[in-house]
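A quick write-up on the structure given underneath.
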Amino acid sequence: MTELDGEALWRKGMKLIASIEEAGFAAYLVGGCVRDRLLGRALRDIDIATSAFPEQVTAIFGKVVPTGLKHGTVTVLEDGCPFEVTTFRRETAYSDGRHPDEVAFVPDLRTDLSRRDFTFNAMAVGSDGCLVDPFEGEADLRRRVVRCVGDARERFGEDALRMLRAIRFAAELRFELDEELRSGLRAQRERLALVAMERIGAELDKMAGGADPGRAFALLADSGLTRHAKETVAAALPGRAELPPDARWSELDDENARWAVLLLAAGMDAAGAGELARSLRFNGKRAARLAAALRVDGDLREAGFWEATDEAGRRRIWIRTALACGTEAAGLWLQAMRAAPSLAARRAAGGCAYWQPERLAAWLREMPAASVSGLAVRGDELVRLTGRKPGPWVAAALASLLERVALGELPNEAGPLLQAASSFTGEREGEAGRI
């Protein structure tokens, strides 16, 4: 799909609303694109609100996808770029605290804007470039506050996820939460139990991937919101005092590394990390990655990594841990620890004199093989060499060879590896011992 820069995207959106107006309907750019343009932030998408019904919008444009007809939304594709176009609407009561019971189309923009969550998301711009701002969203941008449209309790009562969105916006934009909004949040936070865990997971993931995860999760901890989720997640998230004050979030492009920082700060182990990931409905691969990174942390502690004072001892523990947990997990753990040095300080009794993340990264890079598949010999070759029946001993023997290769004790060459394996007598079936 074609990507346009922010200015080109805005111009394309203005062109679309002009086309709708030429067909006899009202149309405006609305919501986040207006907010971000006023803030000078990069635009990622354009939303349009119009008095035209979906079938009328479809008649105006060539390529239209019926993405949400029930709510009056179609997606117009222009030069490969999607633009969501939604009919002006109002919403009735939210009986389940998540979805409006009914959506009714309305002829005017102000009614449409009044149903939105925050004042800076309830602004619009017409084809003449004039700002429509009935709830003083522009003033709130200048004041740098997150404020609800109308009564905060009512807005959060309609959709409890808005409470998490308020925190995310405050962190991302580095705004403060309006006092009335705070009061509404405290009054309605128990309603978070009505929100699907997928939606909660998506919001927390956006916080972790945002500009300031530390502030986001500090505000989240202060709010007490996650204690009311339908599945237990609060204990796995760091409190304000646990968040590393020195975290350099901008160094972490991988959102999993950011989550690793948060979970390490909270004192999570591998089982806790996996359980949280499942509760937040992260996919299985991602849950496994986070659990493996936390396993690295636990295995290093158990092996005495932080107490080892000689470099050879630290190297042996590090490489053995990387082999056991996987080099990807070791690298993810290392990214997190390097970006938040105070996490290492918490683990090293008597200080971090021996904490050398550059050395650990180099030791990972220098490993001739990181898995048995990278060895220059195969299991069937060991079977032929020893004349023994295949069995668990083969995997154990390969693991022993891998460790010696990774530590630099053996070259990763077939001859030396087979010679080392030939010295193994295998006194007990299923045991490889140390080759």
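Basis for what follows: all heavy atoms, side chains included, without hydrogens, waters or symmetry-related copies. Along the sequence shown, the residues carry numbers beginning at 1.
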Inset, instruction - Could you grab the distance from atom CG of Leu225 to atom CD of Glu190, nearest 0.5 Å is fine? - result: 11.0 Å

Legend entry - Arg165 side, atom CZ; Arg199 side, atom CZ - distance, nearest 0.5 Å: 9.0 Å

Inset, instruction - Could you walk me through whether Arg162 and Glu154 pass the salt bridge (charged side-chain N to carboxylate O under 4.0 Å, His left out) test, one step at a time? - result: CA-CA 11 Å; Arg162 287 170 172 170; Glu154 185 177 338; over 6 Å; no

Inset, instruction - Flag the pair Thr86 / Thr50 as yes when at least one side-chain heavy-atom distance between them is below 4.5 Å, and no otherwise. - result: no

Inset, instruction - Using atom types as modelled and distance alone, determine if a side-chain donor or acceptor of Arg215 lies under 3.5 Å from a backbone N or O of Ala170. - result: yes

Inset, instruction - Mind checking the CZ-CG spacing from Arg227 to Leu192? Nearest 0.5 Å is all I need. - result: 11.5 Å

Inset, instruction - Flag the pair Glu409 and Arg316 as a salt bridge only when some basic side-chain nitrogen lies within less than 4.0 angstrom of an acidic carboxylate oxygen. - result: yes

List the atom pairs, donor and acceptor, that lie under 3.5 Å between side-chain atoms in residues 329-344 and the rest of the protein, sequence neighbours left out.
unit_1	atom_1	unit_2	atom_2	d
Trp333	NE1	Asp297	OD1	2.9
Ser342	OG	Asp246	OD1	2.8

Legend entry - Any Ser373 side-chain heavy atom under 4.5 Å of Leu375 side chain: no

Inset, instruction - Grab the two heavy atoms, one from Ala124 and one from Leu109, that are nearest each other, plus how far apart they are. - result: CB-CD2, 3.8 Å

Inset, instruction - For the pair Asp47 (side chain) and Phe83 (backbone), establish whether a donor and an acceptor sit closer than 3.5 Å, ignoring hydrogens and angles. - result: no

Legend entry - Salt bridge Glu231-Arg281, side-chain N to carboxylate O under 4.0 Å: yes

Inset, instruction - State, yes or no, whether a side-chain contact exists between Leu263 and Leu294 at a heavy-atom distance under 4.5 Å. - result: yes

Legend entry - Flag, side chain of Thr111 to backbone of Pro107, donor-acceptor distance under 3.5 Å: no

Inset, instruction - Go through the structure and list residues passing side-chain contact (heavy atoms from CB on, under 4.5 Å) with Ala208, not counting sequence neighbours. - result: Phe217, Trp259, Leu262

Inset, instruction - Could you list the residues that satisfy salt bridge (Lys or Arg N to Asp or Glu O under 4.0 Å) with Arg240, not counting sequence neighbours? - result: Asp222

Inset, instruction - Is it possible for you to check whether Arg320 lies under 6.0 Å from the centre of the six-membered ring of Phe305, through NZ or CZ, and within 45° of that ring's axis? - result: no

Legend entry - Smallest separation among heavy atoms of Ser279 and Val233, with atom names: CB-CG1, 3.8 Å

Inset, instruction - Could you tell me whether a side-chain N or O of Arg278 sits under 3.5 Å from a main-chain N or O of Ala287, the two making a donor and an acceptor? - result: no

Legend entry - side-chain hydrogen bond (donor to acceptor under 3.5 Å, both in side chains) pairs, two or more places apart, involving residues 138-152: Thr119-Asp140, Asp140-Arg143, Asp140-Arg147

Legend entry - salt bridge (charged side-chain N to carboxylate O under 4.0 Å, His left out) between Arg286 and Asp205, intermediate numbers included: CA-CA 12 Å; Arg286 191 171 183 195; Asp205 211 20; 2.8 Å; yes

Inset, instruction - State, with a plain yes or no, whether a side-chain heavy atom of Leu16 is found less than 4.5 Å away from one of Ile48. - result: yes

Legend entry - Arg315, CZ atom: more than 12 neighbouring heavy atoms under 6.0 Å: yes

Inset, instruction - For the pair Gln188 (side chain) and Leu185 (backbone), establish whether a donor and an acceptor sit closer than 3.5 Å, ignoring hydrogens and angles. - result: no

Can you give the donor-acceptor pairs under 3.5 Å from side chains of residues 58-67 to other protein atoms, not counting sequence neighbours?
unit_1	atom_1	unit_2	atom_2	d
Thr58	OG1	Pro54	O	2.9
Thr67	OG1	Thr75	OG1	3.0

Inset, instruction - Check whether more than 12 heavy atoms from other residues, nucleotides or ligands sit under 6.0 Å from atom CD of Gln56, and answer yes or no. - result: yes

Inset, instruction - Applying salt bridge (charged side-chain N to carboxylate O under 4.0 Å, His left out), run through Glu311 and Arg359 and close with a yes or a no. - result: CA-CA 10 Å; Glu311 184 170 285; Arg359 294 292 293 148; 3.2 Å; yes

Legend entry - Heavy-atom closest pair, residues Thr226 and Ala234: OG1-CB, 3.5 Å

Inset, instruction - Answer whether the closest heavy-atom distance between the side chains of Arg110 and Leu113 falls below 4.5 Å. - result: no

Inset, instruction - Output, in order, the C-alpha distance, side-chain angles, deciding distance and verdict of side-chain contact (heavy atoms from CB on, under 4.5 Å) for Val57 and Thr87. - result: CA-CA 9 Å; Val57 175; Thr87 306; 5.7 Å; no

Inset, instruction - Working to the nearest 0.5 Å, report the span between CD1 of Ile319 and CD of Glu403. - result: 9.0 Å

For residues 22-40, dump all side-chain donor-acceptor pairs below 3.5 Å to protein atoms at least two apart in sequence or in another chain.
unit_1	atom_1	unit_2	atom_2	d
Arg35	NH1	Asn121	OD1	2.5
Asp36	OD1	Arg41	NE	3.3
Arg37	NH1	Glu7	OE1	3.2

Legend entry - NZ/NE/NH1/NH2 to OD/OE distance under 4.0 Å, Glu251 and Arg248: yes

Legend entry - Arg258 side chain near Pro213 side chain, heavy-atom distance below 4.5 Å: yes

Inset, instruction - First locate atom CH2 of Trp306, then atom CZ of Arg314, and finally report the distance between them rounded to the nearest 0.5 Å. - result: 10.5 Å

Inset, instruction - Say whether, by atom type as modelled, one donor and one acceptor occur between the side chain of Trp249 and the main chain of Asp212 under 3.5 angstrom. - result: no

Legend entry - Ion pair check, Arg90 and Asp112, cut-off under 4.0 Å: no

Inset, instruction - Please assess Arg347 against Leu264 for the test side-chain contact (heavy atoms from CB on, under 4.5 Å), listing each intermediate value before the final yes or no. - result: CA-CA 11 Å; Arg347 285 154 175 74; Leu264 289 166; 3.7 Å; yes

Legend entry - Trace of the side-chain contact (heavy atoms from CB on, under 4.5 Å) decision for Leu141 with Phe175: CA-CA 9 Å; Leu141 290 181; Phe175 281 17; 3.8 Å; yes

Inset, instruction - Over 60° means perpendicular and under 30° means parallel, so classify the ring planes of Phe120 and Phe169, tilted if in between. - result: perpendicular

Legend entry - Closest non-hydrogen atom pair, Ala221 against Gly239: CB-CA, 4.0 Å

Legend entry - Salt-bridge criterion met for Asp159 and Arg191 (N-O under 4.0 Å): no

Inset, instruction - Mind listing the closest non-hydrogen atom pair of Ala406 and Met367 along with its distance? - result: CB-CE, 4.0 Å

Legend entry - Reported NE2-to-CG distance for the pair His228 and Leu194, which is rounded to 0.5 angstrom: 12.5 Å

Legend entry - Phe105-Phe88 aromatic ring centre distance below 6.0 Å: no

Legend entry - Heavy-atom donor-acceptor pair, Arg168 side chain to Leu204 backbone, under 3.5 Å: no

Inset, instruction - Could you tell me whether Glu158 and Arg155 have a side-chain N and a carboxylate O separated by less than 4.0 Å? - result: yes

Legend entry - Flag side-chain contact, heavy atom, 4.5 Å: Met207 against Glu172: no

Inset, instruction - Looking only at non-hydrogen atoms, find the nearest pair between Leu181 and Cys148 and report the distance. - result: CD1-SG, 3.8 Å

Legend entry - Check: Glu84/Thr73 side-chain N/O donor and acceptor closer than 3.5 Å: no

Legend entry - Asp45 vs Leu43 side-chain heavy atoms within contact, under 4.5 Å: no

